[in-house]
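Proteins get letters first, then strands, A, B, ... in listed order; numbering begins at 1 in each.
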2 protein chains.
Amino acid sequence: MKQQEVFKAMADPTRRAILKRLQGGPLTAGEIGEAFDITPASLSHHFAVLKHADLVRTERRGQYIVYSLNSTVFEDLARMLLDLFPTKGKVGGK
Amino acid sequence: MKQQEVFKAMADPTRRAILKRLQGGPLTAGEIGEAFDITPASLSHHFAVLKHADLVRTERRGQYIVYSLNSTVFEDLARMLLDLFPTKGKVGGK
DNA sequence: TAGATAATTAGATATTTTTCTAAATATTGC
DNA sequence: GCAATATTTAGAAAAATATCTAATTATCTA
């Protein structure tokens, strides 16, 4: 996992909101965009950041591009955090 | 928990390294600084960010200021992340 | 109280990030 | 192939962040 990329991606509220929207299942870029008062170009930038962090996956479906969550990385991240603080029941113990 | 503050705090590699150093137990600002090639002023800025996010606690001991981890917030954050991705065994379920 | 040490605050600059507009690419359907 | 729609890429401007030097605050000790 690219720790730095993941943390940077999560640091922006718009990007976290995008992830939130994807909890209900895959959506096209346009569908995600409906919820935000931001240009498609800016949104696209956020997608790129999320994708680079491997937090979302994409798939072209005709003229649409469908985004979906990559849950695996969230697990990794949560584990990493739990691992970052001492004492208390260590999880994986890499 | 101030979600935004916490994520922003975690986004910087120097700050994550500071947290890492504190895993072994409380340290003074100076002791923490030894590990970084950065001025005390810059370090102090990072401390302020971590403190504002409630990730660390401070206590003055004589002329020193002692920093320690606030594990509680890490737990909150990890929980929040686990909660952010769908399906799979929900944790707290607020 | 004066000098030394630890740390922070103030103010400036450099870098990074977010956002925008405009232009480009991909795909559909006539 | 052409117009329309969906999305991304390029390039620039605006906003936020990290870093520095210099000055300030707090504490200790001689």
Going by atom type alone, with no hydrogens or angles, which donor-acceptor pairs under 3.5 Å involve a side-chain atom of residues 1-11 of chain A and a protein atom two or more places apart or on another chain?
| unit_1 | atom_1 | unit_2 | atom_2 | d |
| --- | --- | --- | --- | --- |
| A:K2 | NZ | A:H52 | O | 2.7 |
| A:Q4 | OE1 | B:R16 | NH1 | 3.1 |
| A:Q4 | OE1 | B:R16 | NH2 | 2.8 |
| A:Q4 | NE2 | B:A11 | O | 3.2 |
| A:E5 | OE1 | A:H52 | ND1 | 3.2 |

Give the first and the last nucleotide of DNA chain C, reading 5' to 3', that has any atom under 4.0 Å from a heavy atom of chain B. C:dT5 to C:dT9

Partners of [X] by side-chain contact (heavy atoms from CB on, under 4.5 Å), sequence neighbours excluded?
| X | answer |
| --- | --- |
| B:P40 | none |
| A:S44 | none |
| B:T14 | B:D12, B:I18, B:F36, B:H46 |

Assert: residue with more 5' nearest nucleotide on DNA chain C, out of A:G62 and A:Q4, is A:Q4

Hey, can you pull the residues of residues 8-15 of chain A with a non-hydrogen atom under 4.0 angstrom from DNA chain C? A:K8, A:D12, A:R15

Give every residue pair that meets the salt bridge (Lys or Arg N to Asp or Glu O under 4.0 Å) criterion with at least one member in residues 63-72 of chain A, sequence neighbours excluded. none

Restricting to ring-ring contact (aromatic ring centres under 6.0 Å, His included), what partner residues turn up for A:Y64, sequence neighbours left out? none

Between N or O atoms, less than 3.5 Å apart, protein on one side and nucleotides 2-12 of chain D on the other: list the pairs.
| unit_1 | atom_1 | unit_2 | atom_2 | d |
| --- | --- | --- | --- | --- |
| D:dT5 | O2 | A:Q63 | NE2 | 2.9 |
| D:dT7 | OP1 | A:A29 | N | 3.1 |
| D:dT7 | OP1 | A:G30 | N | 3.3 |
| D:dT7 | OP2 | A:G30 | N | 2.7 |
| D:dT8 | OP1 | A:Y67 | OH | 2.4 |
| D:dT8 | OP2 | A:S44 | OG | 2.9 |
| D:dT8 | O5' | A:S44 | OG | 3.1 |

Under 3.5 Å, is there a donor-acceptor pair between the side chain of A:R21 and the main chain of A:E31?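 Side chain of A:R21 to backbone of A:E31, a donor-acceptor pair under 3.5 Å: yes, one is there.
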
Please list, chain by chain and in numerical order, all residues satisfying salt bridge (charged side-chain N to carboxylate O under 4.0 Å, His left out) with B:E59, sequence neighbours excluded. B:R61

All side chain to side chain donor-acceptor pair (under 3.5 Å) counterparts of A:N70, not counting sequence neighbours: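 A:N70: side chain to side chain donor-acceptor pair (under 3.5 Å) contacts with A:D54, A:T72.
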
Taking side chain to side chain donor-acceptor pair (under 3.5 Å) as the definition, give me every residue that meets it alongside A:T39, ordered by chain and number, with sequence neighbours left out.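 Here the qualifying residues are A:S42.
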
